[in-house]
Structures are given as structure tokens and as C-alpha cells.
2 protein chains.
Amino acid sequence: MAPPKSDLPQGTLDLLILKVTALGPVHGYAIAQRLEQVSRGVVQVPEGSLYPALHRLENRGLLAADWKETETGREAKFYRLTRKGLKQLETETADWHRLIDAIGLILGMADGGAR
Amino acid sequence: MAPPKSDLPQGTLDLLILKVTALGPVHGYAIAQRLEQVSRGVVQVPEGSLYPALHRLENRGLLAADWKETETGREAKFYRLTRKGLKQLETETADWHRLIDAIGLILGMADGGAR
DNA sequence: TGTTAATGCATAGAAGCACGAGGTATTAGA
DNA sequence: TCTAATACCTCGTGCTTCTATGCATTAACA
């Protein structure tokens, strides 16, 4: 029984991709699988979201790509994190936590908190 | 010096508004202030985001509005959560936590060996 | 052998949302 | 009188995400 999937808030996909590529070079298809597996099916990345995001990150110089062979002997485009991408990953991760904490405060508001 | 603000990921603003209105009727301007205060300045809601969101939620039947007088004797549009809005708030809150946990798993992925 | 499923890449079009900039009006205070 | 704060609104831009579609290869399978 697959857990219900959630649409990703705008901007978080880039962060997740940067995180996965930070662990070593991977090709796009594997990134989507990784995200789905680790999140236990909650995060699902359609290819129409994935590939534009990868190109976006590559154009911004946060990722670099080379064509290589996969373990199964197929050609695939392996992405790796650039130094600039690593910096971006760090700041975006910090931003993410700050934002999540802030939203947690809001969602945790009780009726007694005001007035 | 104001704490660094974060742009809201697309989709989260509605959730936050629903949460604030769940605590009692409030007018739009106060919603933005509440969010900013409780989040300690991290969440900032420009009016160009706020009012479209309120109209959106009202059109979807999640909020209802009445013109009333504020404590300072001014006319303002007070929003309150409908029954449908409450249901929506509950499911969206659950979705949010599920997603945050999932992303937490991803961001917590170790880069290699134990640590 | 034909067909489906999985792998792996890509783009186009539509829909949605946040934001900046601009506008109106009232009230309080310097 | 001028400014700041309160309180509402809308238009246009920019960006992302998703659905749908296309291509090509390989493996499984009926």
C-alpha cells in the first residue's frame, strides 16, 4: 500500500536534487528513484518536473553533467554537484530549516496564544 | 535588524491563513501581522500575496467574510473558517507534516559511511 | 514473435502561485 | 500639513510544477 503522495512546494525540488547529487554523481532517473525510496513514496518526481529542474540547475552552474555508462551498460547523463552548488545547498538547507521552524510555530498556535 | 525573511513556497500560504482564521475571525491585515509576529519575522506576507489568497479561499468556500468594525472603529472584512475550511485545514496540516517528515529523511541522508 | 514493462532522455503547453508596484481611503500624530 | 499606519484591492511578471507526449533501448513474457 503506497502512502499518499504529496505535491512538492515550489522550490523544494531543487533543494532535494542538490542533496542527492551531493552524495555522489547520479543520473536523473536514479535521482527520482532515490527520492521516492528514501521518502517512502511520499515524494514522487514526475519526469516533466525532474528534467527541467536538472537543466535549470545546470544552467545556473550548480550542477555539472557528463555522459557515462550505467552499471547496466546504458548511456546516461550523470550529474554532480559543483562547488557553487554545494554552497547553494548549504544556504538552501539552512533557509529550509528556518522556514520549517517558523511554520511550525504558526501551526502550533493555540487559542491561548493571542489576546 | 530584521531576521532574514523567506519567500513562502507555493501553496503554503493558504495553509497558514486557514490556521490563523481557525483561531477566530480576523481581518486580512491582521492575518499578515499575526503570521509575521508568531514566526518572528521569518514569514512575511506582502499584500499582493495576501489578498489574492483570501479571495481564492473565499471562492473555494473555505473562508467566509463579513464586514465589521475593528477595535479601533474602522471597517474591515473579517474572515472566518467554514466547516469545509476546517476539514481542509486538517487534511492540509496532515499532508504538510507527512511531507516535512519525508523531506527530513532526504535531507538527513548520510553522505557515505556512518557519522 | 509480438508485446508489454522498465530504463533513460527530452520538450511543450497549461495551470497555478507569489510578488512587486500601483491605486483608494481613513485615522493619528508630529 | 505631511507622514505613517491601518485596511482594502488588482494587474502584470516571473517562476515552477504537472500532464501529456515523444524518442530509443533492453528485458521479460506470453
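Only heavy atoms go into these numbers, but all of them, side chains included; no hydrogens, no water, no symmetry mates. Below, chain A is the first sequence line, B the second, and so on; all start at residue 1.
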>> When you measure from the side-chain N and O atoms of Arg60(B) to the phosphate of dG16(C), is any distance below 4.0 Å, counting only OP1 and OP2?
In response: no
>> Could you measure the distance from the CG atom of Leu50(B) to the NE2 atom of His55(B)? Nearest 0.5 Å is fine.
In response: 8.5 Å
>> Please give me the minimum heavy-atom distance between Ser49(B) and Leu13(B), naming the atom from each residue.
In response: O-CD2, 3.6 Å
>> Just the rounded figure in Å: distance from P of dG16(C) to CG of Asn59(B).
In response: 13 Å
> Can you list the residues that meet the side chain to side chain contact (heavy atoms under 4.5 Å, CB included) rule with Gln33(B), with sequence neighbours excluded?
Replying inline: Tyr29(B), Gln37(B)
> Counting N and O atoms only, with roles assigned by atom type, does the side chain of Thr82(B) sit under 3.5 Å from a partner on the main chain of Gly61(B), one being a donor and the other an acceptor?
Replying inline: yes
> Hey, does Leu99(B) have a side-chain heavy atom less than 4.5 Å from the side chain of Val43(A)?
Replying inline: yes
>> Within this structure, what is the CG-CD distance for the pair Leu62(B) and Gln88(B), rounded to the nearest 0.5 Å?
In response: 5.5 Å
> For nucleotides 3-9 of chain D, read 5' to 3', which letter fits each nucleotide if B means a protein heavy atom sits under 4.0 Å from the base, S means only the sugar-phosphate is that close, and - means neither?
Replying inline: ---BBBB
> Rounded to the Å, how far apart are Glu71(A) CD and dT25(D) P?
Replying inline: 22 Å
> How close or far is atom C1' of dC9(C) from atom CD of Glu58(A), stated in whole angstroms?
Replying inline: 13 Å
>> Considering every strand and a 4.0 Å limit on heavy-atom distances, what is the contact class for Gly73(A): base, sugar-phosphate, or nothing?
In response: nothing
